[in-house]
Amino acid sequence: MSRFDEEIDRQGTHSVKWDMMESIYGVPSDEGLAMWVADMDFRPPDCVQAAVQRMADHGLYGYYGDDRGYREAICWWMKERHGWTVEPGAIFTTHGLVNGTALCVQTYTEPGDGVVLFTPVYHAFARVIKASGREVVECPLTIQDGRYVMDFDAYDAQMTGREKMVILCSPHNPGGRVWTREELQGLADFARRHDLILVSDEIHHDLVMPGHTHVPMPLADDSIMDRLVMMTATTKTFNIAGSHIGNVIVPDERLRARFAATMAGLGISPNSFGMFMAEAAYSPEGAAWVDELVQYLDGNRRLFDEGINAIPGLHSMEMQATYLAWVDFAGTGMAAEEYRDRVQQQAKIAVNHGPTFGTGGESYLRFNFATPRARVVEAVRRMQEAFSDLQ
């Protein structure tokens with residue numbers, strides 16, 4: 001039995017994923033399966049738990065100072081796991097990466113500017129862009145051989161000159177793509193052609209399925225460094241999203257100074273719990289845990305995809321990374337209201353609705369399978385029963 005097979009009751013713990021599914025999706029809490037919010041139903045590695053325990057044992061929760069060890073841990077992880085050398089002074093600690101995205105938008109664009117997104121994509125990007133008074137410029141991804149690809153010829157034709165930034169999700173959420181070096185080089189060329197700041201959100205970079213390799217943007221094209229902002233975090237990798245901590249890494253000194261000014265102007269300082277947890281996670285013990293986790297997630301992926309793709313009219317997109325399955329219901333011929341009702345009311349599974357991810361997501365639902373395998377088996381059983389008339 002794997003450590004990830006332990007079923008932990010999260011209800012009544014202020015878990016958004018489990019405690020809010022009834023009020024948001026109408027999925028009853030007593031028998032529902034929460035497969036929406038992108039956190040995992042697994043405990044983090046023991047080294048992270050021990051770091052929190054040491055804080056509790058000490059019993060004082062003051063301001064965090066001297067972050068050299070924290071920065072060194074980030075640099076070690078990026079070099080050891082991704083072959084990417086990071087300068088400690090290039091790292092900013094933000095209140096998670098949605099906050100990091102918002103800070104980038106505020107730093108490098110002005111109200112009314114366009115920000116390019118390759119849709120469908122993580123819904124929080126559009127939310128913070130709009131809230132900042134900027135324009136979301138959707139560049140729809142196309143499907144080729146069952147996977148999302150970027151069509152830069154089409155995107156070139158869309159540009160008006162008002163666009164100042166492009167945000168990449170790498171690996172891609174919700175499509176699970178690991179972009180190739182050539183695709184990333186194409187993106188770098190696109191950013192240069194249109195004089196765009198490139199923000200690369202690589203929060204899922206550690207959760208890559210066997211047989212695939214993530215390429216950090218700086219290693220794909222080093223000539224992009226003067227317009228590149230990198231975002232990484234421990235939160236998705238180690239299931240510590242509630243710590244609200246993220247790394248915004250700015251290689252270029254000119255761009256770095258501008259970001260530092262925004263941080264100073266907003267008075268942002270780190271949460272000590274997140275700092276201790278992240279430093280503990282970025283360690284050899286954390287690395288061994290991640291290797292075990294990815295193997296387990298890959299097993300869940302295979303089981304989920306096989307079961308879902310056996311249902312006529314449903315198609316789960318081939319995943320190369322993340323723990324988020326992207327399921328197309330277009331083949332059922334059903335209206336969105338009908339297939340959502342079957343998933344949520346009959347199967348009693350809470351899932352993310354595709355349209356929230358932007359253009360291209362209209363016929364999809366996103367399922368989070370980072371949960372003990374028995375629950376994935378149960379989810380597949382419920383889905384097959386809910387759509388049994390199609391079989």
Side-chain angles (χ1 to χ4, degrees), residues 63-79 82 84-116 125 128-129 131-135 161-168 170 184 187-203 205 216-234 244-272 274-275 278-279 282:
Y63 295 115
Y64 187 93
D66 187 6
D67 63 0
R68 286 174 296 179
Y70 167 80
R71 290 173 184 269
E72 287 168 4
I74 295 170
C75 294
W76 177 85
W77 187 268
M78 299 309 160
K79 183 65 175 176
H82 299 285
W84 170 34
T85 301
V86 173
E87 181 186 339
I91 302 167
F92 294 90
T93 303
T94 61
H95 194 66
L97 292 192
V98 175
N99 174 235
T101 302
L103 291 168
C104 288
V105 169
Q106 291 191 27
T107 301
Y108 303 116
T109 68
E110 298 293 336
D113 286 346
V115 180
V116 175
F125 293 157
V128 300
I129 292 165
S132 297
R134 279 68 167 173
E135 178 190 354
R162 295 197 311 274
E163 301 81 12
K164 302 300 179 186
M165 174 182 288
V166 56
I167 301 176
L168 174 70
S170 177
L184 295 174
L187 174 60
D189 291 341
F190 173 77
R192 276 191 294 267
R193 277 197 301 277
H194 300 285
D195 194 21
L196 305 174
I197 297 290
L198 169 57
V199 176
S200 187
D201 180 348
E202 306 195 4
I203 197 169
H205 65 169
M217 193 68 215
L219 301 187
D221 188 337
D222 60 8
S223 67
I224 197 73
M225 302 295 264
D226 64 338
R227 61 179 67 247
L228 176 66
V229 176
M230 290 285 289
M231 299 200 302
T232 69
T234 49
H244 278 288
I245 191 167
N247 316 310
V248 173
I249 303 171
V250 189
D252 182 76
E253 290 188 11
R254 179 180 53 88
L255 294 183
R256 195 183 306 169
R258 292 172 64 185
F259 196 85
T262 300
M263 292 276 288
L266 293 172
I268 294 175
S269 57
N271 176 314
S272 60
M275 302 290 277
E279 183 175 345
Y282 279 156

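No experiment lies behind these values; they were computed from the predicted model shown.
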> Can R256 and E87 be said to form a side-chain contact (heavy atoms from CB on, under 4.5 Å), step by step?
Replying inline: CA-CA 12 Å; R256 195 183 306 169; E87 181 186 339; 3.6 Å; yes
> Judged by atom type as modelled, is there a donor-acceptor pair below 3.5 Å linking the side chain of R162 to the main-chain atoms of G112?
Replying inline: no
> Checking side-chain contact (heavy atoms from CB on, under 4.5 Å) for the pair L168/L184: CA distance, chi angles, key distance, verdict?
Replying inline: CA-CA 10 Å; L168 174 70; L184 295 174; 3.7 Å; yes
>> Let's go through V86 and I91 carefully: what are the C-alpha distance in whole Å and the side-chain angles of both, what is the deciding distance for side-chain contact (heavy atoms from CB on, under 4.5 Å) to 0.1 Å, and is it a yes or a no?
In response: CA-CA 8 Å; V86 173; I91 302 167; 3.9 Å; yes
> Quick check: does any side chain N or O of S132 sit under 3.5 Å from a backbone N or O of R134, one acting as donor and the other as acceptor?
Replying inline: no
>> If you define the side chain from C-beta out and look only at heavy atoms, does anything of M263 sit under 4.5 Å from L103?
In response: yes
>> Could you check whether any side-chain N or O of R193 sits under 3.5 Å from a backbone N or O of A191, counting only pairs where one atom can act as donor and the other as acceptor?
In response: no
> Sub-3.5 Å donor-acceptor pair from the side chain of E135 to the main-chain atoms of P111, do we have one?
Replying inline: no
>> Taking R227's backbone N and O only, do any of them form a donor-acceptor pair with Y108's side chain (distance below 3.5 Å, no angle check)?
In response: no
> What distance separates L228 CG from M217 CE, expressed to the nearest 0.5 Å?
Replying inline: 6.5 Å
> Among Y70, Y282, W84, whose ring-ring contact (aromatic ring centres under 6.0 Å, His included) with W77 holds?
Replying inline: Y282
>> Using a 3.5 Å distance criterion without hydrogens, assess whether the side chain of Q106 forms a donor-acceptor pair with backbone atoms of C104.
In response: no
> Just by distance, with hydrogens left out, do T109 and K164 show a side-chain donor and acceptor under 3.5 Å apart?
Replying inline: no
>> As an exercise, state the distance from OG1 of T94 to CE of M231, rounded to the nearest 0.5 Å.
In response: 7.5 Å
>> Keeping D201 on the side-chain end and I203 on the backbone end, is there a donor-acceptor pair under 3.5 Å?
In response: yes
>> If you apply the rule side-chain contact (heavy atoms from CB on, under 4.5 Å), what do you find for I197 with L255, and how did you get there?
In response: CA-CA 10 Å; I197 297 290; L255 294 183; 3.9 Å; yes
>> Could you check whether any side-chain N or O of N247 sits under 3.5 Å from a backbone N or O of I249, counting only pairs where one atom can act as donor and the other as acceptor?
In response: no
> Between D226 and R192, is the closest basic N to carboxylate O distance under 4.0 Å?
Replying inline: no
> If you draw a 6.0 Å radius around CD in E253, do more than 12 non-hydrogen atoms from other residues or ligands fall strictly inside?
Replying inline: no
>> Between the side chains of R71 and E279, is the shortest nitrogen-to-carboxylate-oxygen separation below 4.0 Å, so that they form an ion pair?
In response: no
